[in-house]
Each structure stands twice: as C-alpha cells, then as structure tokens.
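Remarks on the structure that follows.
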Amino acid sequence: MQTTDAQLKAFVLDSGLVARKDVEQAERSAKDKGQSLAHALVSLGALGEDDLRRMQAHILGIPFVSLSGTKIDFAVLSLIPEPIARTHNVVAYKKNADSLEVAMLDTNDLSAIDFIKKKVGLKILPRLTDSASLKSALLIYQKSLKDEFGDIIKHASLTMNESVNLDERGLQKLAEDVPVVKIVDTLLRHAVIQGASDIHIEPLEEQLLIRYRIDGILHDAMELPKNTASGITARIKVLSRLKLDEKRLPQDGRFKIEADGERVSFRVSVLPTYYGEKIVMRLLREGGGGYTLESLGFHGAGLEHIHSATKQSTGMILVTGPTGSGKTTTLYTVLDIVNTPDVNISTVEDPIEYQMARVNQTQVRPDIGFTFAQGLRALLRQDPDVIMVGEIRDTETASLAINASLTGHLVLSTLHTNSASATIPRFVDMGAEPFLLVSTLRVIVGQRLVRKLCADREEYLLSDDEVKQLEKAVDVDHVLSVLKEEKKIPPKATLKQVPFYKPKVGGMCPDGFSARIGIHEILPVTHEVRNLILKGAPAEEIETQAKKEGMLTMLEDGIYKAALGITTIDEVLRVVAE
C-alpha cells in the first residue's frame with residue numbers, strides 16, 4: 001500500500017509544510033525524471049526522509065513509532081537476524097501472544113515481511129519508523145553480542161592458561177572445556193549473524209586478533225587474550241578432525257554447524273606462523289542457491305546471451321575472475337536454470353559449496369589422486385547431459401572439457417583470468433587448439449563483486465572535473481546508451497544530469513554498504529570473435545571486437561550500476577583496479 005502523488009500533494013499543501021512553489025517544482029522534476037513526487041520532494045531538499053515517512057504513515061493510517069530511548073528486549077530483537085534487519089531496514093521491537101510488531105522504513109517491503117512471518121510463525125504488524133530509531137535499534141545487536149562475548153572471555157581467562165606444551169590428550173581435554181566451547185560457539189555464531197564470508201584468527205605477540213571478512217572487506221572484530229589461543233585452536237581442530245599435536249605443518253579440514261536457522265559449512269585452513277597457528281575459515285551456507293541471474297546483477301543483452309547459451313545442448317559456458325569474485329554462485333545459478341527433470345546433471349567440484357537437488361555432485365580428492373581430470377573422465381561414463389567442472393586448472397582438464405562439449409554435452413566451468421577476453425589466450429596456453437575452441441565456446445562471463453549501497457544514501461550530480469575523469473576511464477557514451485536502451489534514464493539525459501549516489505554520513509549502515517552484487521562483462525563467441533580466435537588474436541583485440549558488438553566491460557557495467565544507485569563510482573574503481 002503506497003501513497004499516490006495526488007494524496008501526498010494534497011496533504012503537503014494542506015499542512016503547509018512545503019511551499020506551493022516547491023511542490024510545483026518537485027512535480028516538474030518528477031515528470032522529467034520519471035520519479036514519484038515523494039522522491040522528487042526529498043531530492044530537492046523540500047522534505048526530509050523521516051518527515052515524508054511520518055506523512056505517509058498519517059495518510060495510510062499506519063502507526064508511526066519512535067524507538068529512540070526505547071529499551072528493546074534482545075530476545076525479541078534477535079527474532080530477526082541482523083543481516084536481514086540491516087538489509088531490509090526492519091527491527092522487531094514488541095512481541096505479543098500471537099503477533100510481532102516490527103518497525104520499518106518501508107512497509108511495502110513485502111518480501112521482508114513474508115520472510116519474518118515464516119521465520120517466527122507469528123502475525124507481523126508493520127509500523128513506520130524514522131532513521132534515528134532504526135539506527136539505535138541496530139546498535140543493540142552489536143552491543144549485546146559484545147557484552148555476551150566479554151562475559152565469556154572474562155570467565156574463560158580465569159580458567160585457561162597458556163597451553164603450548166600440552167600433549168594430544170591434554171589438548172583434547174582443553175578443547176572440551178566449557179569456556180573454550182563457549183568462546184568458539186559464540187565466535188562462529190557472531191560471524192554467521194554478521195554475514196561474514198571468512199573468519200581470520202591471527203596470533204600476535206600479545207593477543208589473538210579475530211577478523212571477519214564482510215562484503216569483501218576485512219574488519220577487526222575483536223581482540224582476545226593470548227592465553228585463549230591454544231584452546232580456540234584445539235577446539236577448531238577437533239571440530240575439523242585435524243591432528244591436535246601437529247603444529248609444524250599446514251592442515252585443511254571442514255565441519256558444519258546449525259546457526260541462525262541455517263546449516264553452515266566451515267572450510268578450515270591452519271597455517272603455522274611465527275607467533276602460533278593462524279586459522280582462516282570460509283563460511284559456506286548450505287542451500288545458499290535460490291538466486292536468479294537478475295538478482296546477481298545480470299541485465300540487458302548480456303543476460304539474453306547467457307539464457308541463449310543455456311538453451312544449447314552442447315558447448316561451454318565459462319565464468320572467470322579472481323578468487324572470491326562469485327564465480328561459483330553464478331555457475332550454480334546457471335545450473336539451476338538447466339536443472340530440469342529431463343536432463344542428467346553431474347558435477348566435479350573442490351569443494352562442493354552448495355548442495356543441489358537432482359544434481360550428482362562429486363568432490364575431488366587430490367590427496368588420493370582423484371583430480372578434476374579423473375573425475376571428468378568418470379563423469380563422461382555416467383551418461384550426463386550437463387557437466388559442471390568446478391575449475392579448469394591444467395591442460396588435461398581443459399582438453400577433456402573441450403572434448404566433452406564436442407561430444408554432445410553442455411559444459412559449465414570457471415577459470416582464473418582477469419577478463420572475459422583473456423580466457424581465450426589462457427586456453428591456448430594450456431594447449432587447446434583454436435579450431436576446437438571456436439567450435440565449443442558459447443559465452444564467457446568475466447566478473448567481480450562490488451558492495452551495494454544501503455537504502456540510506458545520498459544523491460549527488462557529477463561536477464565538471466568528475467565528468468572529465470570518468471570520461472578518461474570509461475566509454476561514457478556506451479554506458480549512457482545502455483541506460484537509455486533499458487529505459488533507466490530519460491532518452492536525452494547527459495552524464496551531468498544522471499544522479500549518482502554515495503554513502504550517507506552517519507547513516508544506518510556503519511560504512512554505508514550492505515551485501516554485494518556482481519559487475520560483469522559477457523562475451524558471446526560470435527562469428528567475428530571466432531575469426532579472431534582462429535587468427536590467434538590477443539585478448540585486447542578480442543575485447544575491442546566484443547565492445548563493437550555491444551559488450552559492456554566490467555568497468556562500464558559498474559558505472560551502469562552506480563548510475564542506478566546500486567553502488568558507488570569509487571567502489572567500482574576500487575574493485576576493478578584490484
């Protein structure tokens with residue numbers, strides 16, 4: 001339920017909060033930019049966002065609540081996981097016998113309301129609130145978790161001493177001590193609630209540093225007393241089934257927990273360092289699929305090229321990028337599209353990151369000689385229609401993947417290259433014949449991940465200097481033409497007229513960002529590109545031809561998303577420059 005422009009205009013004029021000339025100016029701006037009157041009034045500074053919400057609440061008859069200074073029970077607040085609360089700007093503040101009252105900045109966010117209803121099993125009563133109220137409520141998550149952790153550490157420090165010289169039996173006993181178990185459980189649960197992708201446990205000279213990677217950026221989470229290091233390391237080794245008394249060699253393991261209503265796998269790496277053993281854990285949320293290509297950031301002609309490739313029964317679809325750029329998530333999403341009852345899908349992966357129904361997934365085991373190449377050979381005897389190879393790392397795997405796609409299979413895989421066009425020379429370096437590549441390659445996707453702006457953000461227009469700098473870095477005309485073609489901006493808009501966004505100082509998100517989305521370049525292997533491959537053309541020449549045919553580079557796609565307010569120009573430049 002939303003207020004119409006007519007309702008808002010009548011209320012604003014009757015209340016006298018905004019001058020008639022400002023309302024008329026906002027109406028003209030809204031018409032020119034295809035915006036709502038509400039958005040135009042806020043953009044022009046005639047109304048504050050919180051004032052607008054109060055008006056909308058009054059017009060729609062929705063209660064408005066101010067939570068500043070209100071004491072919220074943490075048990076009620078934590079009914080909504082912190083990542084959901086931050087992403088959707090919603091907090092639970094009052095629980096009744098059969099209902100839960102939630103304060104929101106946007107009561108039209110039906111997906112958030114449905115999610116909360118399914119999670120808590122209560123009737124959800126949405127209330128409008130202001131930014132300050134939401135910000136103060138979100139701070140309670142941090143404070144409560146830190147207080148909880150502090151109490152555990154205080155008790156643990158009293159019972160735990162430095163345990164460097166313990167034998168395996170002593171370490172096993174230490175790992176089962178209640179304080180140690182509580183510390184590790186809280187540390188893992190905290191990371192899941194924060195939406196971390198990795199946990200770093202780093203021994204320093206006088207303390208143990210815990211860092212979380214959230215939205216691709218490492219953050220210091222806490223510092224623990226040095227005497228907790230041995231117990232925490234031992235506990236994680238026990239969970240991962242690693243050798244407790246091995247402190248000289250690296251070790252790798254894995255374990256699962258259930259936290260915050262979902263099963264999470266932890267991929268564990270232990271590495272000896274000067275001050276002790278450093279542990280890095282990668283969080284893999286099981287059943288973490290459920291994405292669509294659109295939700296991952298694909299759009300326009302590039303999206304159509306991928307869908308076209310998935311409809312082929314043979315050939316290769318490749319996703320490229322550095323470690324942590326979301327390649328596997330993209331592959332699983334494509335796999336979900338082709339996962340229909342009439343096809344047999346088999347994968348060979350390292351590791352299996354998401355479990356998918358009706359897909360035969362195989363884990364490689366290099367330690368016993370079961371490699372990607374061996375796994376792929378075995379899969380070809382399993383009558384597959386679609387094959388996913390987690391990564392093409394060597395000549396043998398590349399050759400087998402190409403031959404599989406030539407003999408009636410659709411092959412999906414990833415490579416570590418910096419761009420889509422660089423994939424072809426990489427294949428040639430691995431011994432692939434160009435005439436085989438032109439027969440098999442369908443589409444190549446290059447990608448990176450950028451942080452998404454929170455809903456609480458600031459709009460601005462580029463200055464003349466900023467326009468010149470951007471024009472040096474990117475083909476601005478191409479980006480504008482795509483924005484106009486997809487009807488995201490008015491047909492005659494120039495770069496100076498396109499609003500961009502930046503994090504709001506003192507906004508609800510600590511750094512102004514929450515979650516990540518992909519920026520992509522999608523290179524379809526067209527007739528002209530095939531001719532270049534056969535000629536042995538370098539990556540730059542292939543990219544130039546793809547751009548002539550309409551391909552957005554990753555940088556251009558990033559600027560496209562910045563113009564939509566999804567991310568910032570600085571964030572795009574930071575990621576693409578890495």
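Every heavy atom of this structure was used, including side-chain atoms; hydrogens, water molecules and symmetry mates were not.
- Here the two rings, on His299 and Tyr560, have centers that are under 6.0 Å apart.
- Looking at Glu277 and Lys237, a side-chain N of the basic residue comes within less than 4.0 Å of a carboxylate O on the acidic one, giving a salt bridge.
- At a threshold of 4.0 Å, the pair Glu202-Arg211 counts as salt-bridged, since one of the basic side-chain nitrogens sits closer than that to a carboxylate oxygen.
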(request) Tell me, with the steps shown, if Asp570 and Arg574 meet salt bridge (charged side-chain N to carboxylate O under 4.0 Å, His left out). (result) CA-CA 6 Å; Asp570 288 344; Arg574 178 188 71 82; over 6 Å; no
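- At least one side-chain heavy atom of Val238 sits less than 4.5 Å from a side-chain heavy atom of Gln172.
- Salt bridge annotation for Asp350-Arg393: present, with a cationic side-chain nitrogen under 4.0 angstrom from a carboxylate oxygen.
- A side-chain donor from one of Ser295 and Thr292 sits under 3.5 Å from a side-chain acceptor of the other.
- Between Phe298 and Ile522, some side-chain heavy-atom pair lies under the 4.5 Å cut-off.
- Closest approach of Leu208 to Pro225, counting heavy atoms only: CB-O, 4.3 Å.
- Between the side chain of Glu571 and the backbone N or O of Lys452 there is no donor-acceptor pair closer than 3.5 Å.
- Looking only at atom types and distance, the side chain of Asp109 has no donor-acceptor partner in the side chain of Asn89 under 3.5 Å away.
- Annotation: side chain of Ile519 is in contact with side chain of Val576 (closest heavy-atom distance under 4.5 Å).
- Between the side chain of Gln447 and the backbone N or O of Ser325 there is at least one donor-acceptor pair closer than 3.5 Å.
- Contact of the Leu284 side chain with the Phe266 side chain is not registered, since no non-hydrogen atoms from C-beta on lie closer than 4.5 Å.
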(request) Step by step, work out the ring-ring contact (aromatic ring centres under 6.0 Å, His included) result for His88 and Phe115. (result) CA-CA 11 Å; His88 293 276; Phe115 173 86; 7.8 Å; no
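- Proximity of Asp220 to Leu209: side-chain heavy atoms (C-beta onward) are separated by under 4.5 Å at one or more points.
- Using a distance-only test at 3.5 Å, with no hydrogens or angles considered, no donor-acceptor pair links the side chain of Asp557 to the main chain of Glu521.
- In the model, Thr340 has a side-chain atom that pairs as donor or acceptor with a side-chain atom of Asp342 under 3.5 Å.
- Closest of all the heavy-atom pairs between Cys454 and Phe513 is SG-C, 3.7 Å.
- Between His409 and Pro384 the shortest side-chain heavy-atom distance falls below 4.5 Å.
- Inspection of the Ser405 and Thr314 side chains reveals no N or O donor paired with an N or O acceptor under 3.5 Å.
- A donor-acceptor contact shorter than 3.5 Å is absent between the side chain of Lys117 and the backbone of Leu122.
- The two residues Val102 and Ala92 come nearest to each other via the heavy atoms CG1-CA, 4.1 Å.
- Side chains of Thr362 and Glu349: no donor on one and acceptor on the other come within 3.5 Å.
- In summary, the side chains of Asp114 and Ser111 do not present any donor paired with an acceptor at a separation below 3.5 Å, with no hydrogens or angles considered.
- Side-chain atoms of Lys226 come within 3.5 Å of backbone N or O of Leu204 as a donor-acceptor pair.
- Shortest non-hydrogen contact noted between Thr567 and Arg451 is OG1-O, 2.8 Å.
- The side-chain contact (heavy atoms from CB on, under 4.5 Å) test with Ile387 is passed by exactly one of Asn344, Leu380, Ile345: Leu380.
- Residues Ile232 and Ile236 have side chains in contact (heavy-atom distance under 4.5 Å, counting atoms from C-beta outward).
- Among Leu283, Val280, Val268, Ile279, the one residue that satisfies the side-chain contact (heavy atoms from CB on, under 4.5 Å) test with Ile199 is Leu283.
- Proximity of Phe370 to Gln363: side-chain heavy atoms (C-beta onward) are nowhere separated by under 4.5 Å.
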